[in-house]
2 protein chains.
Amino acid sequence: MSVRVLLADDEHLIRGALAALLSLEDDLLVVAEAASGPEALAMARAHAPDVAVLDLQMPGADGVKVATSLRTELPGCRVLIVTSHGRPGHLKRALAAGVRGFVPKTVSAQRLAEIIRTVHAGNRYVDPELAADAISAGDSPLTAREAEVLELAADGAPVAEIAERAALSQGTVRNYLSSAVSKLGVENRHAAVRLARERGWV
Amino acid sequence: MSVRVLLADDEHLIRGALAALLSLEDDLLVVAEAASGPEALAMARAHAPDVAVLDLQMPGADGVKVATSLRTELPGCRVLIVTSHGRPGHLKRALAAGVRGFVPKTVSAQRLAEIIRTVHAGNRYVDPELAADAISAGDSPLTAREAEVLELAADGAPVAEIAERAALSQGTVRNYLSSAVSKLGVENRHAAVRLARERGWV
DNA sequence: GCGCGAGCATGACAAATGTCAGGGCCACCG
DNA sequence: CGGTGGCCCTGACATTTGTCATGCTCGCGC
């Protein structure tokens, strides 16, 4: 009785190669492939796989969004996320979405096959290094409003625009920005945005 | 007589899978693998491959840097760059470094094998879509100083620091920044930095 | 009820940033 | 030679952003 796997990654090169390698394992069966978030969802609905291996970054909807949808639509389907750039915040978001495994693309195919089995058996697996990063990043020191304002400031918008979109006075917006900057111990709001992004706090 | 290939990519998953798939081709022989820029160089020196397939983003030194070194050290070795995120500037830099091929990871392994043969035969191959992007991005409208100042501004440094590092008055720095912003048709310097980065102008 | 601390909000002031008009230099063209 | 235009550079001025002191509200412990 083999494990039915769905593979989703926008990079054809990787997806194809991965499918080939996983097929070498006797107990794994790649039943569907997808190149985008929406496509992954459609494929999952059609084939009801045991395990969905999702790339974190895909056009349309990222791995975590797909995982969230799958959680309600196919509760029996375990989700395993693979990613190139492991930012702490992603891991946190992923676990919150009910993802069962989270691994970087630096693992070997052999190892990935083992992890697929682990996840299929109902266990969780998180790459130790990524976990350590997430723990050292800690929880966000930002308050709700600070995070909100920082997010609106993310694309370099002027304070006036942020104030309007958040229905706040400009002074208040500056205040939150300033507070976020000092909490994060950085030089200016742009560095704050970058850091918060990196840590997954926005 | 098969083509001797060096494979360099920091993602073990992809590198391994790729090696396996390329090995299925009778006329391709993967003689070495590397997970970082420096390692790729060392492997190239040791094995003198016919074609080096390099990931654009690797720890240590990126694909283009490696290509530059290879150009002088192993002039007979053709370089083919593969990349996930195809930014126009990268392509330009790569071609300037004497790279013979440039493809996104969205191609299939089959296609990649063909391209390796193409490059080995002495021809060039550039992904049509990436080429179109690069052409539509066009040449940088920025003058030398504008680009220099923009680069120094890239990490959110204050004007005073940029002025000092560029040995200019603060007024002048502001002026260049302003000029760059208006040339790029964006709202502020941060957006300008992002856009210039994206287009490969800095 | 009362004091206390945390988060939310504001405006005044100071500092940094963006904009403008203009001057010097050099290469190019008539 | 005498424009003409592009690039480099500057300081003065207007606008935007960052900092600070302050007030409000709400939940909590006493």
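Letters go in sequence order (proteins before strands), and every chain restarts at 1. Just the heavy atoms: all of them, side chains too, but no hydrogens, waters or symmetry mates, feed the values below. Note that the structure is predicted; figures quoted are calculated from it, not measured.
- If you take NZ of B:Lys183 and C1' of D:dC8, they are 11 Å apart, rounded to a whole angstrom.
- At least one donor-acceptor pair under 3.5 Å links the side chain of A:Glu39 to the backbone N or O of A:Ala35.
- Here A:Arg145 lies in heavy-atom contact (under 4.0 Å) with sugar-phosphate atoms only.
- For A:Arg174, whose side chain is taken as the heavy atoms from C-beta onward, the closest listed nucleotide among D:dC8, C:dG18, D:dT19 is D:dT19.
- With respect to B:Arg111 and B:Glu114, a salt bridge is recorded, a charged nitrogen being found less than 4.0 Å from a carboxylate O.
- The CG-P distance, from B:Leu142 to D:dC7, rounds to 11 Å in whole Å.
- Using a 4.0 Å heavy-atom distance criterion, A:Thr143 is classed as a sugar-phosphate-only contact.
- Here the P atom of nucleotide C:dA16 and the CG atom of A:Leu177 are 17 Å apart, to the nearest Å.
- A side-chain donor-acceptor contact under 3.5 Å links B:Asp127 to the backbone of B:Leu130.
- Backbone-only contact: A:Ser169 has heavy atoms under 4.0 Å from sugar-phosphate atoms and none from a base.
- A donor-acceptor pair is defined here as one N or O able to donate and one able to accept, closer than 3.5 Å; no such pair exists between the side chain of B:Asn188 and the backbone of A:Pro158.
- A:Ile162 has its CD1 atom 8 Å from the P atom of D:dT17, to the nearest Å.
- With C:dG18, D:dG18, D:dC9 as the choices, the nucleotide that has an atom nearest any side-chain atom of B:Arg189 turns out to be C:dG18.
- One can place CG of A:Asn175 at 13 Å from P of C:dG7, the figure rounded to the nearest angstrom.
- The residue among B:Ala167 and A:Ala160 whose nearest nucleotide of DNA chain D lies closer to the 5′ end is B:Ala167.
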